[in-house]
Protein chains: 2
Amino acid sequence: MVVADDLFKALADPTRRIILDELTEKSGQTLFEICSRLSMKHQLGISRQGVSQHLAVLEAAGLVETRREGRYKFHDLNTAPLRQIAERWPVPDTSRPQESTP
Amino acid sequence: MVVADDLFKALADPTRRIILDELTEKSGQTLFEICSRLSMKHQLGISRQGVSQHLAVLEAAGLVETRREGRYKFHDLNTAPLRQIAERWPVPDTSRPQESTP
DNA sequence: TTGATAGGCAAGTGAGCAGTTGCCTATACT
DNA sequence: AGTATAGGCAACTGCTCACTTGCCTATCAA
């Protein structure tokens with residue numbers, strides 16, 4: 001099972017959060033595709049291995065799932081683990097500031 | 001404004017998440033009260049200053065708000081910043097596994 | 001089969017962070 | 001006044017983590 005520690009550790013890095021953003025925009029990207037986007041759209045000068053390690057962390061957290069086809073490995077987003085955050089700490093209703101309850 | 005970086009960094013530490021749990025159970029605790037709970041309920045051998053620094057990080061993330069009364073400083077939970085997580089990466093409906101969309 | 005593409009493994013390095021220790025300030029109680 | 005309580009500030013340390021470099025494996029095209 002994916003523990004909370006893996007989840008929050010995965011979300012702690014800004015580069016990994018951008019990767020999640022890119023996978024939200026287009027799921028099923030390869031490692032090189034993600035590398036290109038980080039470099040082009042976000043001016044992130046990071047090596048391929050660096051991105052690969054980030055993807056491994058995201059996969060350990062259950063936020064990314066992979067499938068292999070030939071020499072390609074596609075990366076799919078899975079936001080389901082994020083649900084436990086809202087379950088752990090109840091979030092007040094949107095569009096309304098919260099009041100303290102003394 | 002509280003940036004995403006502060007929020008996720010605050011959530012990255014397990015001790016800080018436990019502090020959020022304790023403030024969820026009882027909001028408006030003092031530093032010493034929180035120290036006691038970490039020690040008693042969670043067997044966390046951490047110094048008062050250690051807890052104080054954790055609270056500072058949580059406050060920087062907007063997850064904890066404080067109010068002073070005399071020599072006491074009360075800490076209140078504020079889960080509102082957590083909302084931006086669900087807003088950033090749409091979470092699929094509960095009680096149903098997700099499908100990939102190829 | 002040779003070369004090119006897509007990805008993986010492992011060791012090393014530098015920086016950031018959790019935690020401690022020591023000392024200081026402010027409010028309350030007697 | 002004096003003392004105990006509640007909290008703050010700053011420097012130091014050890015460890016984790018992001019990132020790199022170097023080399024290796026696997027699939028596909030010529």
Side-chain angles (χ1 to χ4, degrees), chain A residues 3-23 26-40 42-61 63-76, chain B residues 3-23 26-40 42-61 63-76:
Chain A
V3 282
D5 214 52
D6 292 328
L7 173 64
F8 290 105
K9 204 187 63 165
L11 292 174
D13 186 86
T15 302
R16 281 196 287 269
R17 294 197 296 271
I18 292 181
I19 292 178
L20 292 181
D21 290 339
E22 290 306 316
L23 287 179
K26 178 171 182 287
S27 198
Q29 299 187 58
T30 67
L31 173 58
F32 275 77
E33 223 173 327
I34 297 172
C35 284
S36 303
R37 286 185 171 232
L38 292 183
S39 171
M40 303 273 90
H42 302 277
Q43 287 79 39
L44 286 182
I46 185 176
S47 69
R48 176 180 59 86
Q49 286 79 356
V51 178
S52 179
Q53 286 170 4
H54 280 308
L55 287 170
V57 174
L58 289 170
E59 193 172 3
L63 290 167
V64 163
E65 287 165 355
T66 61
R67 53 194 156 93
R68 251 226 134 102
E69 283 181 26
R71 58 175 162 173
Y72 298 104
K73 188 180 182 184
F74 300 104
H75 300 264
D76 297 300
Chain B
V3 282
D5 214 51
D6 292 328
L7 173 64
F8 291 105
K9 204 187 63 168
L11 292 174
D13 186 86
T15 302
R16 282 197 287 269
R17 294 197 296 270
I18 293 181
I19 292 177
L20 291 181
D21 291 338
E22 290 305 317
L23 287 179
K26 178 172 183 287
S27 197
Q29 298 187 60
T30 67
L31 174 59
F32 276 76
E33 223 173 326
I34 297 172
C35 284
S36 303
R37 287 186 171 230
L38 292 184
S39 171
M40 304 274 90
H42 303 276
Q43 287 78 38
L44 285 182
I46 185 176
S47 69
R48 177 181 58 85
Q49 286 80 355
V51 178
S52 179
Q53 286 169 3
H54 279 308
L55 287 170
V57 174
L58 289 171
E59 193 172 1
L63 290 167
V64 163
E65 287 165 356
T66 61
R67 53 195 157 91
R68 250 222 133 110
E69 283 180 27
R71 59 174 162 173
Y72 299 104
K73 188 179 182 185
F74 299 105
H75 300 264
D76 297 300

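All heavy atoms count here, side chains included; hydrogens, waters and symmetry mates do not. The shown structure was predicted, so the numbers you read here are calculated from the model rather than taken from an experiment. Here is the naming used below: chain letters follow the sequence lines, and residue numbers restart at 1 for every chain.
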| message | The criterion is side chain to side chain contact (heavy atoms under 4.5 Å, CB included); which residues satisfy it with B/S39, sequence neighbours excluded? | response | none
| Looking at residues at least two apart in the chain, or sitting in another chain, which of them share a side chain to side chain donor-acceptor pair (under 3.5 Å) with B/D21? | A/R88, A/W89
| task | State which residues pass side chain to side chain donor-acceptor pair (under 3.5 Å) with B/Q29; sequence neighbours excluded, sorted by chain then number. | result | B/R37
| Of A/S47 and B/L31, whose closest DNA chain D nucleotide lies nearer the 5' terminus? | B/L31
| query | Over how many whole Å does the gap from A/Q49 atom CD to D/dG22 atom C1' extend? | reply | 9 Å
| field | Exam field: side chain B/R67 to backbone B/F74, donor-acceptor pair closer than 3.5 Å | value | no
Name every donor-acceptor pair, under 3.5 Å, that has one atom in a side chain of residues 44-57 of chain B and the other anywhere in the protein, sequence neighbours excluded.
from: B/S47; atom 1: OG; to: B/G50; atom 2: N; distance (Å): 3.1
from: B/H54; atom 1: ND1; to: B/R16; atom 2: NH1; distance (Å): 3.1

| said: Nearest whole Å is fine: how far is D/dT16 P from A/Q53 CD? | reply: 17 Å
| Residues in side chain to side chain contact (heavy atoms under 4.5 Å, CB included) contact with A/Q43, at least two apart in sequence or another chain | none
| message | Taking any atom closer than 4.0 angstrom to a non-hydrogen atom of chain B, what span of DNA chain C does the protein reach, first nucleotide to last? | response | C/dC17 to C/dA28
| message | Considering every strand and a 4.0 Å limit on heavy-atom distances, what is the contact class for A/G70: base, sugar-phosphate, or nothing? | response | sugar-phosphate
| field | Nearest non-hydrogen partners of B/R17 and B/L11, listed with the distance | value | NH1-O, 2.8 Å
| Which residues in residues 8-17 of chain A have at least one heavy atom lying under 4.0 Å from any atom of DNA chain D? | A/K9, A/D13, A/T15, A/R16
